[in-house]
Every structure is written in structure tokens, then in C-alpha cells.
Number of protein chains: 2
Amino acid sequence: MRQETVENYLKTIYNLSSNNSAVVVNQQLANKLSISPASVTEGLRKLHELKYVVYEKSYGTRLTTAGAKLALSIVRRHRIWETYLAKELGFGWDEVHEIAEELEHIKNDKLINKLSTILGNPMFDPHGDPIPDAKGKIKKSNFIKLSEAKTKSNYKLMGVTDHSVAFLKFLEKHQLIIGANIEVKGIEEFDNTIVLICNKKEVTISSKAAECMIVETV
Amino acid sequence: MRQETVENYLKTIYNLSSNNSAVVVNQQLANKLSISPASVTEGLRKLHELKYVVYEKSYGTRLTTAGAKLALSIVRRHRIWETYLAKELGFGWDEVHEIAEELEHIKNDKLINKLSTILGNPMFDPHGDPIPDAKGKIKKSNFIKLSEAKTKSNYKLMGVTDHSVAFLKFLEKHQLIIGANIEVKGIEEFDNTIVLICNKKEVTISSKAAECMIVETV
DNA sequence: ATTATCTTTTAGGTATACCAAAATTAATAA
DNA sequence: TTATTAATTTTGGTATACCTAAAAGATAAT
Ligand SMILES: [Mn+2]
Ligand SMILES: [Mn+2]
Ligand SMILES: [Mn+2]
Ligand SMILES: [Mn+2]
């Protein structure tokens, strides 16, 4: 199996299993990897052979220790590059993901550690995702989704779970950047639309968007 | 044909044809690409289809205008990355080539131009090779090989045509870095070994090594 | 001009990474 | 529990990028 293929599978399995439970089902993978379910079955069989995953037929897949280790190193590369692109090279948080998708496959520990050092070993990437350290250790935080927030409470935007250009540009337009203070003014009972105040301006957030915004209670 | 494959062929054809004449023969390509002559034939047929090269059966291959344009852009990426790795990220000139072999395939003009700007739009990479500008224009220089140098003359080291770690470490050991002043003390008639003085120390250079050293007459 | 040698091409074949359609298995609803 | 639906796997197939060995073509030496 080509190294880049292995890496894209493992990274995707990692991302899917850290959100939801531990076991990933084929359909999710087919979606994220933009390949057919039939191809996913084949891929997982090979990754099982390589001992990167435990793949149980018609049930689901989870990473082995070796698989998780490799996955974490790719996630580290991806997030370090995103941070470097944003902080050192002047790219917007809506531009970095696409470039990092390619850069993440360049395997050179010295390079990544050098970038990390230059950045001051950051804990979070431009989207608020935690960056694993050189040993693969990740900082756990207990933030909530904005969709779980309460009326009349204050929050700080800590991350986003959708990296699409459209969403990130929308947020930026309303000054909803990482670290921004948010006051939840009201929640529409009918459709869970949230009206909040950010930088003294009122912004209406759909429930779909609120699902993708990670906040910390202030 | 995969983009990375196309790029590696074109870059290699470019490098071979800029050294020697304009036409590249299959064997050279097979060598540089580390694949069989049979595979080269197949590859060239496809590149001809794609109109990146003019491939004449059993004769040789040269780049079309489109092929040269793409080749130049890959050479630019490669050399900009090498320079960035060396100047901004602290890598040695013996380390940068290998990493740049991977980085050169990341296609993002904004990224390369940003790196170039940070570096002050350099004209030469860490090995003295000219860096094409954003339009593909390259600075021509008329340096000679050290193997063509004359006794009792003074030169300045301007580049190397071999990027192997062993050779670059050897040069560095004797302070033979880009820009170093060289005085040719003598040339052994028997085997063309060159004895030169660099930083007041005598160094003996084999004819093979001298072939790989590019110098300017001072 | 003919042979010997070296280079290139063709023929036939492998491995990877995909796919669509059919068959199977699991989950859900009646 | 039995249909119905949905997810997964199997089957058979494509395209890319390589390979080795044999055939054909070009070059050089006698
Ligand atoms: Mn990302
Ligand atoms: Mn990727
Ligand atoms: Mn190089
Ligand atoms: Mn390359």
C-alpha cells in the first residue's frame, strides 16, 4: 500500500473516531475519503494486514497502537503546517487546510520539529484543534459546542469543526475568530437558531453552524 | 499520468538537456529516474501524447514550450524550497535536496512566491543553481568547471553539479563553500588531480570532483 | 558491407488503487 | 418474526506505473 494512502486512511479513521465513539464504520470513511464503499472494504483489509487497524467485517474498524501512533504523527504534521502557514507565511485560516493536506505527507521529523520550535511549540492550530507533541501526546480540553450553550451566558470561541472556506469566511466576516468573546442573547425555540453578540454586533447563527463552533464557558 | 510522475520526468529531462545538448536519450532518463529503459519508452510516449515533449522513436526527446514551462516551475519550486530550508530553517546544503524532492510537488503559487519574497527573491539556490523567476526566466551565467581551470589562477566557487551528501560534506570539510576563494596551485598531468589553496589550506581535488565544481574566474 | 555491440522498443506480466453491479449481511419496521 | 431497507462485501473490471525478456534498430569496428 502506498504510504500516502495509508496515511490518509489512518488520519481519517483517527479524526472520525475521536469525534464519535472509537469504532468507525465504512460509510463514514467512504464519505471522507471520497471513494466507494467497495474500495474502503479493500483498503481496510490491507490496513488490517499491516496491523494498523483492527477491522471486524461488517462491524467496524479501530486503530491499533501502531496505527494511532502513525495517525497522531500525521495529525501533528498537518496542524503544525497549518499553524506555520497562518502565523509565519501570512495565509488565512480558510486557506491553510488545503495546502496542509499535501504538506502533511512530507516525512521529516527534523523539519516538523523545527517549524514547531519556531512557532513556540503551539498547542492549537488556526482552527483551535489541538496539536499532538513530538511524542503524540495531545492536550485534552473540555469545551462545548455553541449549539449546547445557554441563553444569557458568555463564551469564548475556541475552535471550529468545519474547515470549509465558506464557513470560515462567514465567521471571519462577523469577527468570529478564535478567542472572540460571545454573548448568547437568545435561542430560537423553533429551529435552535442562536442570536449572539460579538464585538458589540448582533449575529444570527444557524443551528448547523452552531454545531461547528467550539466554545469555552467564560 | 499522475501529476507527480509527469513532473519528475519533465524536471529530469530539463536538467539533462540544460547540461548537455537539447536532446535527451532514454538511457540517461532511465538512470536518473531509477527505472528501466522499457518504462522510459512508455513514459515518453505518454508525455508526447500530453504534448509536453517531442519524442522521436529511437532518437531522443526534447521539451515542448508547454513542457519547458512546467519543468521550469518545478525547478523553481525545488530551488526555492532548498533555499528556504537552508536560509530560514537551518538545514545544511547536504540535507535540503532530499526534502525538496518532495516539497517541489506541492502546487501553490502563492506559497512559493511568498517564500521567495521572504528570501528576497534569490537568484541562486544553496548549490549555486539559478532559480527561475515566477515567469520562468532564468539568470544565465558563464562559469566554468574547476576541471577546466588553469594553474596559478584564482577562482571563486559558484556552484556544484553533484548534490550527494558525501560530496557536499567533503567540500564543507575543507571550507569549500559557495563563494570561497580558490587558488589553483597545480594540476597533476598524470590524472588531472588539482591541488588548490582555500583559506590558506592546501586541498587535493580529484578530477571527478573537479568536474562537479563550478567556478568563476577572479 | 558485415558483424558485433549497445540502445531502444515491444510483448507479456505484476501490484496498487480505484470502480460499478450483484450478492450478502445487518438493522429496522411492521 | 418476517419483510423491507440499508450497509457491507464480493466479483469482475479499469488505469497507472512499473518490470523482465525477447525482438528490432542504430552505431561502431573490422
Ligand atoms: Mn485542517
Ligand atoms: Mn492528506
Ligand atoms: Mn536539488
Ligand atoms: Mn521529484
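Because the structure is a prediction, the values reported are computed rather than measured.
- At least one donor-acceptor pair closer than 3.5 Å links the side chain of A:Thr64 to the backbone N or O of A:Tyr52.
- Of the charged side-chain nitrogens involved, none lies within less than 4.0 Å of a carboxylate oxygen, so that B:Arg76 and B:Glu104 do not count as a salt-bridged pair.
- Counting heavy-atom neighbours within 6.0 Å of B:Glu88 CD, excluding the residue itself, gives a total above 12.
- Among the atoms of the strands shown, only primed sugar atoms or phosphate atoms (P, OP1, OP2) are found under 4.0 Å from some heavy atom of A:Val25.
- As a whole-Å value, the separation of A:Arg2 CZ from C:dA15 C1' is 12 Å.
- Taking atom OH of B:Tyr9 as the reference point, atom P of D:dA17 lies 8 Å away to the nearest angstrom.
- Of the candidates A:Pro130, A:Pro126, A:Ser116, A:Pro130 is the only one forming a side chain to side chain contact (heavy atoms under 4.5 Å, CB included) with A:Arg79.
- Spacing between atom CG of A:Leu47 and atom C1' of C:dC18 amounts to 15 Å, rounded to whole angstrom units.
- The phosphate of C:dC18 has neither OP1 nor OP2 within less than 4.0 Å of any side-chain N or O from A:Ser36.
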Atom pairs, protein N/O to nucleotides 10-13 of chain C N/O, distance under 3.5 Å:
| residue | atom | partner | partner atom | Å |
| --- | --- | --- | --- | --- |
| C:dT10 | OP1 | B:Lys57 | NZ | 2.8 |
| C:dT10 | OP2 | B:Arg45 | NH1 | 2.6 |

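- Side-chain proximity of A:Ile35 to the nucleotides D:dA17, C:dC19, C:dT7 is greatest for C:dC19.
- Going from atom CD of A:Gln28 over to atom C1' of D:dA7 covers 12 Å, rounded to whole Å.
- Of the listed nucleotides (D:dT8, C:dT16, D:dA17), D:dA17 has the atom at the smallest distance from the side chain of B:Thr5.
- For A:Ser58, taking side-chain heavy atoms from C-beta onward, the closest of the listed nucleotides C:dT25, C:dT8, D:dA17 is C:dT25.
- Protein atom CG of B:Leu50 is 10 Å distant from nucleotide atom P of D:dA17, rounded to whole Å.
- Separating the CG atom of B:Leu33 from the P atom of D:dC18 is a distance of 8 Å, rounded to the nearest angstrom.
- The pair B:Lys11-B:Glu101 meets the salt-bridge criterion, since a charged nitrogen lies less than 4.0 angstrom from a carboxylate oxygen.
- The interatomic distance linking A:Leu44 (CG) with D:dT8 (P) rounds to 10 Å, in whole Å.
- As rounded to whole Å, 13 Å separates atom C1' of D:dT16 from atom CD of B:Glu4.
- Using a cut-off of 4.0 Å between Lys/Arg side-chain N and Asp/Glu carboxylate O, A:Glu7 and A:Arg77 are scored as salt-bridged.
- A 6.0 Å sphere centred on CE of B:Met123 holds no more than 12 heavy atoms belonging to other residues, nucleotides or ligands.
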